[in-house]
Amino acid sequence: MMKMLKCLFAVVVLILSIAETQAQNVTKEVYKKTPTRDLTLKIYSPSGIKNNDKRPAIVFFFGGGWRSRNLEQFERHAKVLSDKGMVCFIADYRVKGTDKVRPDKCLMDAKSAMRYVYKNSERFNVDTTRIAASGGSAGGHLAAATCYCSEFNDPNDDKSINCRPDALVLFNPVLDNSKEGYAHNNIKDFYPDFSPSENVKDPVPTIFFVGSKDKLITPELSRKFKQRCEAEGGRCDLHIFEGRDHGFFNKDDYEKTMEMTVDFLKSIGYVK
């Protein structure tokens, strides 16, 4: 009897999982083949989306120091923004732990993912003038670097296809790779081209969350990035959460940071 109940429970869970996926229009496809594995985009399309729609989009990159993978990190964000009419993508990319690669390869993959979204925008029903990039920690670096760092393109990519987002949503992002910043010793041979803070030009609208007690991405470095964006005539909404450390945005402050993210996206015409 107990075995039968367990089987019945497993079937119910599977049915509910399938129903939820269908309701959220969640799909997955390969955007790039690499020597170690195929890289995928998980795609959350708004319900009711129609062919020839031109929806705003956002591409999320998980954090993990360019070493580990966490494909679930931005699932809640993607579901919320998809419900508000955006096409949301969660990008996998190579990391040191799984693929034995350095951070420059991570950035190459991030740019490949952005180019894939732009190239297939018509099929995804995406407006190519409203594509944002987002990420946390090292993933925040990748999001910002697709915008500001012109080097580190995969040789197999068609560089005539845009990889630059039109807006940034950054959660305690790695933006400074100088000696004062993060992971300088690991990338010191190429950090000037790899560090977004060193390469701000033609800045896009940005919202930026950091904790006051974050020892990896300090408020001081965060303010420096904001100042560089504003010196170039850009908008950078920096929000420093008092008493919070690294990774706070996906813990107790998830709802608050998500609310502020939605307000920011409303202000730039991505969300009604």
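The ring pair (Phe, Tyr, Trp, His ring centres under 6.0 Å) analysis of residues 250-272, with sequence neighbours excluded, yields the pairs H77-Y254. Sorted by first and then second residue, the pairs that involve residues 124-141 and meet side-chain hydrogen bond (donor to acceptor under 3.5 Å, both in side chains), not counting sequence neighbours, are D127-T129, D127-R130, S137-H246. Residue pairs that meet the side-chain hydrogen bond (donor to acceptor under 3.5 Å, both in side chains) test with at least one member in residues 67-76, sequence neighbours left out, are K42-E75, R69-D92, R76-N250. The ring pair (Phe, Tyr, Trp, His ring centres under 6.0 Å) contacts involving residues 78-134 comprise F62-Y93, F89-F124, where partners must be two or more places apart or lie in separate chains. Pairs of residues two or more places apart, or lying in two chains, that qualify as side-chain hydrogen bond (donor to acceptor under 3.5 Å, both in side chains) and include a residue from residues 256-267 are R235-S267.
Of the possible polar contacts, one joining the D154 side chain to the N156 backbone as a donor-acceptor pair under 3.5 Å is found. Distance alone, capped at 3.5 Å, places no donor-acceptor pair between the D53 side chain and the R55 backbone. The backbone N or O of I217 lies less than 3.5 Å from a partner atom in the side chain of D214, making a donor-acceptor pair.
Remark: L81 CG to K79 NZ distance equals 13.0 Å, nearest 0.5 Å. The CG atom of L170 lies 10.5 Å from the CG atom of L238; values are rounded to the nearest 0.5 Å. Here the CZ atom belonging to F225 is positioned 5.0 Å from the CG atom belonging to L175, to the nearest 0.5 angstrom. In this structure, the separation between OG on S222 and NE2 on H239 is 12.5 Å, given to the nearest 0.5 Å. Distance NZ/K215 to OH/Y182: 15.0 Å, rounded to 0.5 Å. Here CG of D166 is found 8.5 Å from CD1 of I268. Values are rounded to the nearest 0.5 Å.
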Indicate every side-chain donor-acceptor pair of residues 198-211 with a distance under 3.5 Å to a residue at least two apart or in another chain.
from, atom 1, to, atom 2, distance (Å)
N199, ND2, P192, O, 2.9
N199, ND2, S195, O, 2.8
T206, OG1, V204, O, 2.9

Listed pairs under 3.5 Å, donor-acceptor, residues 96-103 side chains, sequence neighbours left out:
from, atom 1, to, atom 2, distance (Å)
D99, OD1, T36, OG1, 2.7
D99, OD1, R37, NE, 2.9
D99, OD2, R37, NE, 3.3
D99, OD2, R37, NH2, 2.9
D99, OD2, V95, N, 3.0
R102, NH1, D189, OD2, 3.4
R102, NH2, N186, O, 2.9
R102, NH2, D189, OD1, 3.2

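Minimum interatomic distance between M86 and P46 (heavy atoms only, all atoms of both residues): O-CG, 3.3 Å. Smallest separation of non-hydrogen atoms from A143 and P165: O-CG, 4.2 Å. Residues L71 and A91 share a closest heavy-atom pair of CD2-O, 4.3 Å. A pairwise comparison of heavy atoms in C163 and R115 identifies CB-CG, 3.6 Å as the closest pair. Shortest non-hydrogen contact noted between A78 and C88 is O-SG, 3.4 Å. When every heavy atom of L142 is checked against every heavy atom of A110, the shortest pair comes out as CB-CB, 4.0 Å.
Between E151 and D104, the closest side-chain pair of non-hydrogen atoms is not below 4.5 Å. Looking at F152 and F190, their side chains come closer than 4.5 Å, going by heavy atoms from C-beta outward. Residues S197 and R228 meet the side-chain proximity criterion, which asks for heavy atoms closer than 4.5 Å. Side-chain contact between E29 and T40 is absent, with no heavy atoms from C-beta onward closer than 4.5 Å. Proximity of V30 to L39: side-chain heavy atoms (C-beta onward) are nowhere separated by under 4.5 Å.
By the 4.0 Å N-to-carboxylate-O rule, D157 lies too far from K111 to be salt-bridged with it. Using a 4.0 Å cut-off between charged nitrogen and carboxylate oxygen, D109 and R94 count as a salt-bridge pair.
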With side chain to side chain contact (heavy atoms under 4.5 Å, CB included) as the criterion, how do I49 and V87 come out once you've worked through the C-alpha distance, each side chain's angles and the decisive distance to 0.1 Å? CA-CA 9 Å; I49 196 169; V87 182; 3.9 Å; yes
Side chain to side chain contact (heavy atoms under 4.5 Å, CB included) for I131 and M114? Distances and angles first, verdict last. CA-CA 9 Å; I131 299 178; M114 294 297 293; 4.0 Å; yes
Evaluate the criterion salt bridge (Lys or Arg N to Asp or Glu O under 4.0 Å) for residue pair E180 and K224; output intermediate values, then yes/no. CA-CA 12 Å; E180 292 74 34; K224 183 171 75 170; 5.4 Å; no
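Residues satisfying the side chain to side chain donor-acceptor pair (under 3.5 Å) test with K33, not counting sequence neighbours, are D38. For E230, the salt bridge (charged side-chain N to carboxylate O under 4.0 Å, His left out) test picks out K226, with sequence neighbours left out. Under the side chain to side chain contact (heavy atoms under 4.5 Å, CB included) criterion, K84 pairs with V80, V262, V271, not counting sequence neighbours. Residues satisfying the side chain to side chain contact (heavy atoms under 4.5 Å, CB included) criterion with D158, sequence neighbours excluded, are S160, I161. Residues that satisfy the side chain to side chain donor-acceptor pair (under 3.5 Å) test with N177, not counting sequence neighbours, are absent from this structure.
Just one of N25, I90, D83 meets the side chain to side chain contact (heavy atoms under 4.5 Å, CB included) condition when paired with Y44; it is I90.
The aromatic ring centroids of F249 and F74 lie less than 6.0 Å from each other. Checked against the 6.0 Å centroid threshold, W66 and F61 do not count as a close aromatic pair.
Side-chain contact of K32 with S112: a donor-acceptor pair under 3.5 Å is present, judged by distance alone.
Atom NZ of K188 has 12 or fewer heavy atoms from other residues, nucleotides or ligands within 6.0 Å. No more than 12 heavy-atom neighbours from other residues, nucleotides or ligands sit within 6.0 angstrom of CD on E242.
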